[in-house]
Colleague: 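The structure's right below; bear with me while I get my questions together.
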Amino acid sequence: MAKKNTVILGQTKMSYSKAIQEITGWDKKRFETEKRLMRYRVAKFNQATGSKLSPIEQLFYRVRFEDRQAYYKAQGKQVNDYNVLQSFFKNVKKE
């Protein structure tokens with residue numbers, strides 16, 4: 001049986017999928033679409049670099065970053081731009 005990855009969100013330990021849906025409020029269809037796109041993007045990156053990144057973890061990191069970015073913008077604070085890896089996943093296009 002495959003090991004299920006978990007993350008602690010607030011005070012609750014949950015799966016990456018559940019945490020993503022809790023942060024974003026996406027319905028099942030939107031979540032599956034975003035997950036499929038991230039799988040494609042991470043596969044391209046892994047193929048190009050020989051790395052073994054997890055698509056669900058990268059999707060979680062992206063939505064968590066965007067959520068925090070929106071929070072700090074609402075507070076009137078300066079926000080960081082995407083790093084190189086985040087920019088790649090955001091901008092890679094299907095051939």
Side-chain angles (χ1 to χ4, degrees):
M1 179 180 255
K3 180 183 166 193
K4 191 170 189 173
N5 293 328
T6 58
V7 64
I8 297 177
L9 189 63
Q11 298 295 316
T12 309
K13 189 174 184 179
M14 61 183 69
S15 69
Y16 282 108
S17 297
K18 183 159 175 61
I20 291 166
Q21 289 176 323
E22 193 166 303
I23 291 170
T24 61
W26 291 338
D27 62 2
K28 186 77 170 164
K29 184 177 178 181
R30 171 82 190 273
F31 172 72
E32 290 299 326
T33 300
E34 293 292 333
K35 189 167 76 169
R36 186 179 69 250
L37 289 171
M38 187 58 76
R39 267 197 303 259
Y40 168 77
R41 293 169 178 159
V42 170
K44 294 282 268 189
F45 181 81
N46 286 343
Q47 182 182 16
T49 63
S51 60
K52 295 182 181 181
L53 296 178
S54 165
I56 197 70
E57 286 181 30
Q58 294 307 312
L59 183 58
F60 170 75
Y61 297 143
R62 189 192 89 199
V63 299
R64 186 180 67 176
F65 176 80
E66 289 172 352
D67 185 55
R68 288 182 177 176
Q69 197 177 42
Y71 171 78
Y72 286 117
K73 279 182 185 176
Q75 298 294 318
K77 297 181 181 179
Q78 183 179 358
V79 294
N80 295 332
D81 290 330
Y82 290 100
N83 65 27
V84 175
L85 187 60
Q86 291 168 324
S87 294
F88 175 84
F89 291 139
K90 189 167 181 65
N91 298 321
V92 71
K93 302 288 184 216
K94 209 170 193 176
E95 294 175 357

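Just so you know, these numbers use all the heavy atoms, side chains as well, and skip hydrogens, waters and symmetry mates.
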Colleague: Can you tell me if Gln75 has over 12 outside heavy atoms packed within less than 6.0 Å of its CD?
Modeller: yes
Colleague: Treating Ile, Leu, Val, Met, Phe, Trp and Tyr as nodes and any side-chain heavy-atom pair under 4.5 angstrom as an edge, say whether Met14 and Tyr16 lie in one connected cluster.
Modeller: yes
Colleague: So do the side chains of Arg62 and Leu59 get within less than 4.5 Å of each other, counting heavy atoms only?
Modeller: yes
Colleague: Less than 4.5 Å apart, side chain to side chain, heavy atoms only: is that true for Phe60 and Ile23?
Modeller: yes
Colleague: Considering all heavy atoms of both residues, which atom of Val79 and which atom of Gln69 are nearest to each other, and what is their separation?
Modeller: CG1-O, 3.4 Å
Colleague: Rounded at 0.5 Å granularity, tell me how far CZ in Arg68 sits from CD in Glu66.
Modeller: 13.0 Å
Colleague: Calculate, to the nearest 0.5 Å, the distance between atoms CD and OG1 belonging to Glu22 and Thr12 respectively.
Modeller: 7.0 Å
Colleague: Please report the interatomic distance OG1(Thr33) to CG(Asp27), rounded to the nearest 0.5 Å.
Modeller: 8.5 Å
Colleague: I need the Arg30 CZ to Thr24 OG1 distance, nearest 0.5 Å.
Modeller: 7.5 Å
Colleague: Assigning hydrophobic clusters by single linkage (Ile, Leu, Val, Met, Phe, Trp, Tyr; side-chain heavy-atom cutoff under 4.5 Å), is Ile56 placed with Trp26?
Modeller: yes
Colleague: If you compare all heavy atoms of Gln58 against all heavy atoms of Leu53, which two are closest, and at what distance to 0.1 Å?
Modeller: NE2-CD2, 4.0 Å
Colleague: Kindly check if the number of other-residue, nucleotide or ligand heavy atoms within 6.0 Å of CG (Asp81) is above 12?
Modeller: no
Colleague: Where do Asn46 and Ser51 come nearest, in terms of heavy atoms and distance?
Modeller: OD1-OG, 2.9 Å
Colleague: Do Glu32 side-chain atoms and Lys29 backbone N/O form a donor-acceptor pair below 3.5 Å?
Modeller: no
Colleague: Is there a path of hydrophobic side-chain contacts, each under 4.5 Å between heavy atoms of I, L, V, M, F, W or Y residues, that connects Tyr82 with Leu85?
Modeller: no
Colleague: Within the structure provided, determine whether Asn80 and Tyr72 are in side-chain contact (heavy-atom separation under 4.5 Å).
Modeller: no
Colleague: Report yes or no: do Met38 and Phe31 belong to one cluster of Ile/Leu/Val/Met/Phe/Trp/Tyr joined by side chain heavy-atom distances under 4.5 Å?
Modeller: yes
Colleague: Do Tyr61 and Phe88 share a hydrophobic cluster, counting only Ile, Leu, Val, Met, Phe, Trp and Tyr and linking them when any side-chain heavy atoms are less than 4.5 Å apart?
Modeller: yes
